[in-house]
Amino acid sequence: MTACDLAIRGGTIVTAADRFVADIGIRDGVIVEISRAVTGAPQEIDATGLLVLPGGIDAHVHLDQPTSDGTKMADDFASGTRSAVAGGNTTVMPFVMQIKGTSLRTCLEEYHSKAEGNCFTDVSFHLVVSDPTPQVLGQELPALVRDGYTSFKVFMTYDDLVLNDHELLSVFDVARREQALVMVHAEGNDAIKYMTTKLEAEGKTAPYYHAEAHAQIAEREATHRAISHAQLTDVPVVIVHVSGRDPMEQIQWARGRGMKVFAETCPQYIALTKDDLKGLNMDFEGAKYVCSPPPRDADSQRAIWQGLRDGTFDIFSSDHCPFYFEAPDDVGKNNVKARTSFKWVPNGIPGVETRLPILFSEGVSKGRISAERFVALTSSNPAKLYGLYPAKGAIAIGADADITLWDDQRRVTLSQDILHHGSDYTPYEGLEVTGWPVRTILRGQTVMLDGEIAQQAPQGRHLKRAKSSLGYP
Ligand code: URP
Ligand code: ZN
Ligand code: ZN
């Protein structure tokens, strides 16, 4: 047996495929032994009575992202990844937003310098293509894919980000050639703008009307259009943050025709509904729930659960996109504007720390999904989809020792007081969950213990990625 420097003993290991009681032996941050009894390790962690899970991989987060109107995000890389480890995650995948007129490489370097030395989790970037110039399509993207940035997101909405159909097809074409994965924000910009104008003309400006402007019909239409473009260019795509029944039906239709369409959903689509945007009495409280696509209704929640069970959804991410509710002085201006119309409320809610507890509690503890499926959706599948498997997302010999110890009996009431994110609120205030991460281990080092950050200095690394093993097997 290889000598171990750390043993995790007596826990119930849960993988995407099975569960069993065993010890784990770790050396130099890598799993080197899984056996009935690991002996001789100078350091031991007693995991008796706990679940031993591969560390959470949150494949969709936004950190320290500049916004078009200057609104400041509430998390930088330090606070966002601190919050992530507190929530049982060991890897997060933030976006590098291309600023129009700027090269992708320049934007990427800026994010790297913000992240360097500040991350408590490992980090790997997706790119956002907002300006698909011939230079970006012909040179930058192919070179970046070869450098290990193997996924990029495109937007079908937001005036400053939206790509037209020709541009979408051109980006899809590069993805096929380079064997990269395109992630699509599928909401139809014109339909949303039409609805926004109409609602404002009727004096309907409260945050709640964000949910009406971002109608599910607009999401369904864009999902179908993205799928059609993917079929035309013969490329796998990921439809991100799918909110309800209508876009799901489009994804199922495409899969039925043998297309490689992957799908992601998020906590807001199982734990919130559009009624939350009403706030107390159609007041500004509703701004705490504004995200795009917005939460839908009970019927869509049922559809999402079905999709989490039956494999329509491959991954479950947070879409953590943290803003302030009571804005500090330097962002106050934008907050005042947001009170005049829903269209100025920054889109996005915090959730990197609450993603795993919400899915575990609402899914596993309530008997809707198995613990194995939970692991698949939150760790193993994201690793496979985005080219990190099997170093990440697995409890196996040779994998990084990224491990979360999980107390499946622990009851916690979610509240702003116990969270580590930069936002000044949580949309899940008061939600009771059963199941909680009690220890997060990154490459063999304990980085969170009982809610306290245990790392002296951030140890997170940037991860280069291979091509998607699901998209391009
Ligand atoms: O409202 C959201 N989801 N904000 C984050 C940006 C995005 O589209 O993912
Ligand atoms: Zn999006
Ligand atoms: Zn997002």
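All figures in this text were calculated on a predicted structure; none of them were measured in a lab. Order of listing sets the numbers, starting from 1, for every ligand and every atom in it.
Here H462 and Y149 bring their ring centres to under 6.0 angstrom of each other.
Between the side chains of D75 and H320, a donor-acceptor pair is found at a separation under 3.5 Å.
In C291, the parts holding a heavy atom less than 4.0 Å from any atom of ligand 1 are both the side chain and the backbone. Contacts between K153 and ligand 1, counted as non-hydrogen atom pairs separated by less than 4.0 Å, involve the side chain only.
By the salt bridge (Lys or Arg N to Asp or Glu O under 4.0 Å) test, K278 pairs with D275, sequence neighbours left out.
Under a 4.0 Å N-O distance rule, the pair R368/E362 qualifies as a salt bridge. Salt-bridge check for R296 with E219: passed, with a basic side-chain N closer than 4.0 Å to an acidic carboxylate O. Note on K288 versus E429: no salt bridge recorded, every NZ/NE/NH1/NH2 to OD/OE distance being 4.0 Å or above. Using a 4.0 Å cut-off between charged nitrogen and carboxylate oxygen, D69 and K337 do not count as a salt-bridge pair.
Of all protein heavy atoms, the one closest to atom 1 (O) of ligand 1 is S292 N, 2.7 Å. Distance from atom 8 (O) of ligand 1 to its nearest protein heavy atom, with residue and atom name: H185 ND1, 2.9 Å. When hydrogens are left out, the protein atom nearest atom 4 (N) of ligand 1 is N347 O, 3.1 Å; that is the closest non-hydrogen contact.
Proximity to H60 (heavy-atom distance under 4.0 Å) selects the following atoms of ligand 1: 9 (O). Near D319, meaning under 4.0 Å from any of its heavy atoms, are these atoms of ligand 1: 2 (C), 3 (N), 5 (C), 9 (O).
Taking 4.0 Å as the cut-off, F155 counts as a neighbour of ligand 1 on heavy-atom distance.
In this pair, H60 and H241 present their aromatic rings tilted. The plane angle is within the 30 to 60° band. Relative orientation of the H229 and F172 rings is perpendicular, given thresholds of 30° and 60° on the angle between their planes.
Partner of D122 under the salt bridge (charged side-chain N to carboxylate O under 4.0 Å, His left out) criterion, chosen from R443, R461, R465: R443.
Between C321 and ligand 1, no N or O atom pair is found at a separation short of 3.5 Å.
Distances under 2.8 Å from the Zn ion (ligand 2) pick out the protein N/O/S atoms K153 NZ, H185 ND1, H241 NE2.
A cation-pi arrangement is present between K153 and F95, with the terminal nitrogen or guanidinium carbon under 6.0 Å from the aromatic centre and inside a 45° cone about the axis.
With the Zn ion (ligand 3) as the vertex, atom NE2 of H60 and atom NE2 of H62 span an angle of 110° (nearest 10 degrees).
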